[in-house]
Amino acid sequence: MKIQFHNTLAGCIEPFEPIDPPNVYMYNCGPTVYDFAHVGNFRSFMIADVLRRTLELLGFHVHQVMNLTDVGHMTDDQLADGGGEDKMVAAAKRLKQAKKQGVAPVDNPDDPYQVAQYYIDAFIEDARLLGLKVSNEYPQNMPRATQYIDGMQEMIKKLLAAKHAYIASDGAVYYSVESFSQYGQLSGNTIDRLRSGAGGRITDEHQVVKRHPADFLLWKPDATHIMKWDSPWGAGYPNWHLECSVMATTLLGQDVIDIHMGGEDNIFPHHECEIAQTCGATGKELFSRFWIHARHLFINGEKMSKSKGTFYTVRDLAAKGISPVAVRMELVKAPYRMNANLTQQGLVDSARTVQRLRDFSTDLDRRCDGAVASVDLTHPALEAFGSALADDLNIAAAMASLFAWIQQDHSDAAESLAVLRQMDRVLGVLDLGLADNQEAGGDLEIAETCAAIDQARAQKEFEVADNLRQQLVDAGYEVHTSKGGTTARKKLA
RNA sequence: GGCCGCGUGCCCGAGUGGACUAAGGGAGCGGAUUGCAAAUCCGUUGGCUAACGCCAAUCGUCGGUUCGAAUCCGACCGCGGCCUCCA
C-alpha cells in the first residue's frame, strides 16, 4: 500500500516511510493553557489524531507527544501580542472576575500554576470527550513546558557552544539566524526575504541589540516576570519555540522524528525556529522528516471571532445540544488541507452519519451475538478504506468506500462487524459517549413516556400519543416506533 | 510588497488529460412502510416528453496547449494563511 502525505518542508506530496519501522515518532503542537481550547484548536489536534489512528491501522506503532504550553509569556516582542499583557496575567484577571461572581475555579488566581492546571484539566476533559487518543496518555505523553526548563537551558548551552546563539548587550540570549543556512526552508521566509518583508511589527528598539533583525529570543532575563527560573543568564524565562524542540526530542528519544504537526499558522515562525534550534543543537540535517499542517476552521463561513462569539468550545456546543461525537465526526471528515467550515447543517449531517454507523454496528452485533471475527488489511473493504487514508488522509474517499461497503452483502455479520470496528479505529465514533445515546438514554422518565405512548396508541388515543411524542422531540429526542414498541434516544445534534 | 494554499452541482466534498452518465454523503422531490410521523428501504433531482427518446449545459472568469481539459499553461477575479500573539 502506497503511503504518502503532503510535506510542507518539500512543498508537495511525498512517500512516507518511517526511519525506524514499525515505529513512528510524531509530535504535534498542543494548546496554550491560559484559556479554554476552542473547536478551531481542536481541529488541528483532531487531524493529528486521525493521522495517528490511520498509521496504527496501517500497522505502525505510533509514539505521539503533544505539549501543553503553560508558560504565559513566550516571546520578547510584547508589543506584538495582545497589548503586551502576559497571557497568564490576563487569565488570572479573568479567574478573579469569576471568583467575584461567586465561581471559584482556582484557590489562588495569582498562581500561574493553578491557572494552568485549571485549564489543563478542562482541556483533557474536552479532548477525551472528542476521543483524542493522546489525551488518554496524559500526563506521560502530554508534557508541560514548565517541567522541561532544565532541558531548554541545556539546549541553549549547546546552541551557545555551537555559535548558533549569542548573549546580547541586554543580557538576553538570541538565536543567530545567519548561523543556520537552512533558515527559511520550511516557510519560504528566508533571511533575505524577511529583511525586505513588510510585517512592520518589530520596532527598532527591539532590533538594536540583535545581530540580525530576524534573530529570535532563546532566554529572556526578567526578574519581575510572573514565571521565572534561575539560569546562567539570569533569572528569567525561555522562548516559546524552545519547549517543542526539547520535549519532542526528549520524550520521543530521537534527534530526528518522523512527523511534526500543527496548525498552518505555526509554520512561521514557530516551526521554522524549532528546526533552527533542534538542528543547531543536534547537528543533524533534519529535525522532522515530515511537517504536516492543518488549515483553519471557519464558523458559518467566517473566521472565528471573539466579538461575534464564535470561539466555540466543546462545552459551548454541548450546551446547544451538539454532542462531542458529532463534533468529532464533523472535524474528522473535513479534508485537512482545506479550510473547514463548521455549520449547523454539517453537524447534523455528521450526527446522522454517526447514528447510521452505530445502527449498522448494533445490527451486526445482534446478528453475530457479539462474536467478532478477525480481519486484516487484506480484506477488500479495509484495503479500500486504508489506502484512501494512506493517500494524504483522503477521508472523503475513505468514507465513500465505507458507504459503498455498507451497501454490500453482510450475511457474515461476524466478519462485517470486524471490518467496521477496524474502520472505527480511525473514525473513533462508535463508542464515543455512547452511554448518552442509548435507547431511552437510561432515563426512567423517558422510558415511561415511551410506555405511555404505546399505551395510548393501543387504545387508539392518537392525539395523546402524538402530544407525548412531540414532548420527547422537543426535548431533543429521536422517537422510534416499531412493532416492538416505542423507544427514544437523545439526538446527537 | 514578499512567500504560500484554495475556488467543483442546492450544501459538504471526491476526482491531476480520454470509457455515454462528475464518486460518496447531506438536503429536496416521488414511492414503500406508518393511524399520522420519525427511522428505514427503493427511485429521483439540467430542460422537453406519458414513454422510447430528443436537446442542451457544467467544475471562479477569460484565453491557450491538445484529437480530447474539472484535470496542463497564462492572465484575471475572489477567499484564506504567514511575514516574530495565534490551531
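On a predicted model such as this, the values are computed, not experimentally measured, just so you know. Quick note: numbers below take in every heavy atom, side chains included, and nothing from hydrogens, waters or symmetry partners. Throughout, a chain's letter reflects where its sequence line sits, starting with A, and its residues are numbered from 1.
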Please find out if less than 6.0 Å separates the ring center of A/Phe216 from that of A/Trp240.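 Ring-ring flag for A/Phe216/A/Trp240: false, centres at least 6.0 Å apart.
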Measure centre to centre between the rings of A/Phe123 and A/Phe45, then say whether the value is under 6.0 Å.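 They qualify: ring centres under 6.0 Å apart.
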Give one of base, sugar-phosphate or nothing for [X], where a contact means two heavy atoms less than 4.0 Å apart.
X: A/Met261; answer: nothing
X: A/His38; answer: base
X: A/Asn266; answer: sugar-phosphate
X: A/Leu402; answer: nothing
X: A/Phe462; answer: base
X: A/Gly262; answer: sugar-phosphate
X: A/Pro31; answer: nothing

[X] side chain to [Y] side chain, donor-acceptor N/O pair below 3.5 angstrom:
X: A/Ser411; Y: A/Asp409; value: yes
X: A/Asp215; Y: A/Tyr166; value: yes
X: A/Asp349; Y: A/Gln345; value: no

Integer angstrom distance from the [atom1] of [N] to that of [M]:
N: B/rA23; M: B/rG9; atom1: P; value: 13 Å
N: B/rA51; M: B/rG13; atom1: P; value: 35 Å
N: B/rG68; M: B/rC20; atom1: C1'; value: 15 Å
N: B/rA69; M: B/rA32; atom1: C1'; value: 43 Å
N: B/rC12; M: B/rC6; atom1: C1'; value: 15 Å
N: B/rA22; M: B/rG46; atom1: C1'; value: 14 Å

Under the 3.5 Å rule, do the base of [N] and the side chain of [X] count as making a donor-acceptor pair?
X: A/Arg352; N: B/rG25; value: no
X: A/Asp466; N: B/rG35; value: yes
X: A/Arg469; N: B/rA37; value: yes
X: A/Arg295; N: B/rC4; value: no

Interatomic distance where [atom1] belongs to [X] and [atom2] belongs to [N] [whole Å]:
X: A/Ile406; N: B/rU40; atom1: CD1; atom2: C1'; answer: 13 Å
X: A/Glu478; N: B/rA37; atom1: CD; atom2: P; answer: 17 Å
X: A/Arg489; N: B/rA38; atom1: CZ; atom2: P; answer: 15 Å
X: A/Phe360; N: B/rC41; atom1: CZ; atom2: P; answer: 11 Å
X: A/Asn341; N: B/rC11; atom1: CG; atom2: P; answer: 12 Å

Does a side-chain N-to-carboxylate-O contact under 4.0 Å join A/Arg469 and A/Asp466?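 Yes, charged N to carboxylate O under 4.0 Å.
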As a test of reading the structure: which of B/rC82, B/rA23, B/rA37 is closest to the side chain of A/Thr481, going by heavy atoms?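 Nearest to the side chain of A/Thr481 among the choices is B/rA37.
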A/Lys303, nearest nucleotide to its side chain (from B/rG25, B/rG81, B/rC86):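 From the listed options, B/rG81 comes nearest.
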Ring-base stacking, A/His296 with B/rA87 (5.5 Å, 30° cut-offs):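 One would call A/His296 stacked on the B/rA87 base.
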Under 4.0 Å between a side-chain N/O of A/Arg356 and OP1 or OP2 of B/rG26, yes or no?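 Checking A/Arg356 against B/rG26: at least one side-chain N or O falls below 4.0 Å of OP1 or OP2.
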A/Asn394 vs B/rG15: side-chain N/O to OP1/OP2 distance below 4.0 Å: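 Yes, A/Asn394 has a side-chain N/O under 4.0 Å of OP1/OP2 on B/rG15.
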Checking A/His410 against A/Phe360 for the ring pair (Phe, Tyr, Trp, His ring centres under 6.0 Å) test, could you report, in this order, the C-alpha distance in whole Å, the side-chain angles of both residues, the deciding distance, and whether it holds? CA-CA 10 Å; A/His410 295 285; A/Phe360 182 53; 4.9 Å; yes
On RNA chain B, compare the nucleotides closest to A/Val479 and A/Ser187; which residue's is nearer the 5' end?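 Whichever sits nearer the 5' end wins; that is A/Ser187.
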Residue met sooner reading RNA chain B from 5', once A/Ile453 and A/Phe298 are mapped to nucleotides: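 Counting from the 5' end, the first nearest nucleotide belongs to A/Ile453.
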